[in-house]
Amino acid sequence: MSSREPPAMMGVSHAVSGAAAGLLITTVAAPSVGVASPRDAFVFAAVAAGYALLPDLDHPSSTATRRFSWASVLACYLIRPLSAVVFRMTATSRDSGRGTHRGLTHTAVFAAGLGVGANAAVARWGTPALWLLLFIGVALAIKGLDALVPGPPSLVIAAGATWAITGTVPWHQTAPGADLHTPWLGTAIAVGMLVHSCGDALTSSGAPLLAPVPIRRRTWYPVRLPRPLRFRTGGPVEGFILVSLTVAVVGLALHTVPELWALTVRASARVVELAAR
């Protein structure tokens with residue numbers, strides 16, 4: 001990472017925060033976002049977790065940039081100059097930096113635009129667009145959460161999970177030739193992107209979440225906590241936040257599907273029984 005660009009929160013922190021936000025939203029506002037079942041809620045959370053890593057596609061060494069080989073590297077080297085151009089066109093004399101990292105992709109405008117664009121793409125191109133958007137989210141979620149629960153972060157596994165999702169969730173055509181109905185896919189993508197920027201806003205560097213809205217005569221004002229509450233990434237404060245978010249994800253998952261708790265208890269009892277033999 002360039003010395004000119006501040007360190008970002010750990011990828012696992014962003015992924016877990018995306019999952020927590022996704023489950024929380026589907027718990028308190030499921031009808032509003034179009035989520036109709038626990039299965040939808042978990043897919044919503046997975047998509048939000050994955051896209052919570054995507055804003056860092058504007059940095060060459062980020063998880064998002066390295067995840068899809070040459071394709072994501074190419075995307076990075078397209079996004080960075082685009083972000084810089086937008087920054088130069090809209091920045092005031094009081095703004096600092098180059099706008100390449102923690103720039104365009106870390107704004108609420110970009111998150112909302114990507115969410116709207118995702119739904120429009122699915123409406124226009126159907127299942128191929130749906131599969132690609134889900135695959136990106138699932139693959140990034142697997143990679144981000146791999147730091148928490150080690151496992152094979154294979155793109156093949158992500159592809160299999162995406163295939164299973166697209167074949168089971170009720171967003172396929174209601175009739176032959178009808179448009180795909182994805183009422184919450186774009187929302188989940190936007191939520192993940194926003195959660196990432198909100199997470200960066202907790203750190204000492206902040207994030208231009210509200211750009212290009214002028215704040216203190218700066219259109220790229222770094223939104224952040226009051227100085228005493230800010231923390232540096234990778235330290236004990238972020239570790240505490242990560243543990244808290246993990247507990248929240250588990251609690252929300254059990255709330256979404258109460259049967260999971262009974263299943264967990266039975267599985268634990270069975271393991272203890274087998275170990276005692």
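Note that the structure is predicted; figures quoted are calculated from it, not measured. In this chain, numbering begins with 1 at the start of the sequence shown.
Taking all atoms of both residues into account, the shortest heavy-atom contact from Ala141 to Ala46 is CB-O, 3.6 Å. When all heavy atoms of Phe110 and Leu104 are compared, the pair lying nearest together is CB-O, 3.1 Å. When all heavy atoms are compared, the tightest approach of Ser205 to Pro222 is O-CB, 3.7 Å. For Ser72 against Phe68, the heavy-atom pair with the smallest separation is OG-N, 2.9 Å. The shortest heavy-atom contact between Cys76 and His59 is SG-C, 3.8 Å. Considering all non-hydrogen atoms of both residues, Ser197 and Ala207 come closest at O-CB, 3.6 Å.
From Thr246, atom OG1 reaches atom CD1 of Ile241 across 11.5 Å, with rounding to the nearest 0.5 Å. To the nearest 0.5 Å, atom OG of residue Ser83 and atom CZ of residue Arg98 are 11.0 Å apart. We find the OG-CZ distance between Ser93 and Arg217 to be 8.0 Å, quoted to the nearest 0.5 Å. Atom CG of residue Leu252 and atom OG1 of residue Thr256 lie 6.0 Å apart, to the nearest 0.5 angstrom. Atom CD1 of residue Ile189 and atom CG of residue Asn119 lie 7.5 Å apart, to the nearest 0.5 angstrom. A distance of 15.5 Å separates CH2 of Trp184 from OG of Ser32, quoted to the nearest 0.5 Å.
Contact check for Leu155 versus Arg67: side-chain heavy atoms found under the 4.5 Å cut-off. Put simply, the side chain of Phe44 reaches to within 4.5 Å of the side chain of Thr187, judged on heavy atoms. Leu57 places a side-chain heavy atom less than 4.5 Å from the side chain of Leu54. You'll find the side chain of Thr219 stays beyond 4.5 Å of the side chain of Val213, heavy atoms only. The closest side-chain heavy-atom distance from Leu145 to Val16 is below 4.5 Å. Two residues are said to be in side-chain contact when any heavy atoms from C-beta on lie closer than 4.5 Å; Arg224 and Thr203 fail this criterion. Looking at heavy atoms from C-beta onward, Trp220 lies in side-chain contact with Thr90 at the 4.5 angstrom threshold.
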> What's the verdict on side-chain contact (heavy atoms from CB on, under 4.5 Å) for Thr107 and Leu210, showing C-alpha distance, side-chain angles and the deciding distance?
Replying inline: CA-CA 6 Å; Thr107 65; Leu210 302 179; over 6 Å; no
Scan the side chains in residues 24-31 for donor-acceptor partners under 3.5 Å anywhere in the protein, sequence neighbours excluded, and list what turns up.
from: Thr26; atom 1: OG1; to: Gly22; atom 2: O; distance (Å): 3.0
from: Thr26; atom 1: OG1; to: Leu23; atom 2: O; distance (Å): 3.0
from: Thr27; atom 1: OG1; to: Leu23; atom 2: O; distance (Å): 2.7

Enumerate, atom names and distances included, each donor-acceptor pair closer than 3.5 Å involving a side-chain atom of residues 130-139, sequence neighbours excluded.
none

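If you check the side chains of Asp56 and Thr65, you find no donor sitting under 3.5 Å from an acceptor.
When the side chains of ILVMFWY residues are joined at heavy-atom separations under 4.5 Å, either directly or via intervening members, Leu114 and Leu194 end up in two distinct hydrophobic clusters. The hydrophobic cluster containing Leu82 also contains Met193, counting ILVMFWY residues as joined when their side-chain heavy atoms lie under 4.5 angstrom apart, directly or transitively. Note on Leu229 and Leu202: same hydrophobic cluster, where clusters join Ile, Leu, Val, Met, Phe, Trp and Tyr whose side-chain heavy atoms are under 4.5 Å apart, directly or indirectly. The hydrophobic clustering, which links ILVMFWY residues whose side-chain heavy atoms are closer than 4.5 Å, places Leu245 and Val237 together. Connection of Tyr51 to Leu78 is not established within any shared hydrophobic cluster, with ILVMFWY side chains joined at heavy-atom distances below 4.5 Å, either directly or through further cluster members.
Partners of Val250 according to the side chain to side chain contact (heavy atoms under 4.5 Å, CB included) rule, which considers only residues two or more places apart in sequence or in another chain, are Leu254.
Residue Val73 is found in a hydrophobic cluster whose other members, listed by chain and number, are Tyr77; membership requires side-chain heavy atoms under 4.5 Å apart, directly or through intermediates. Here Leu53 sits alone; no ILVMFWY side chain lies under 4.5 Å from its own, so it joins no hydrophobic cluster. Val156 shares a hydrophobic cluster with no other residue; no ILVMFWY side chain has heavy atoms under 4.5 Å from its own.
The pair Asp200-Arg102 counts as a salt bridge, with a side-chain nitrogen and a carboxylate oxygen less than 4.0 angstrom apart.
Side chain of Asp95 to backbone of Arg218: no donor-acceptor contact under 3.5 angstrom is found. At least one donor-acceptor pair closer than 3.5 Å links the side chain of Thr92 to the backbone N or O of Arg94.
Relative ring orientation between His106 and His101 is described as perpendicular, the plane-to-plane angle rising above 60° on a 0-90° scale split at 30° and 60°.
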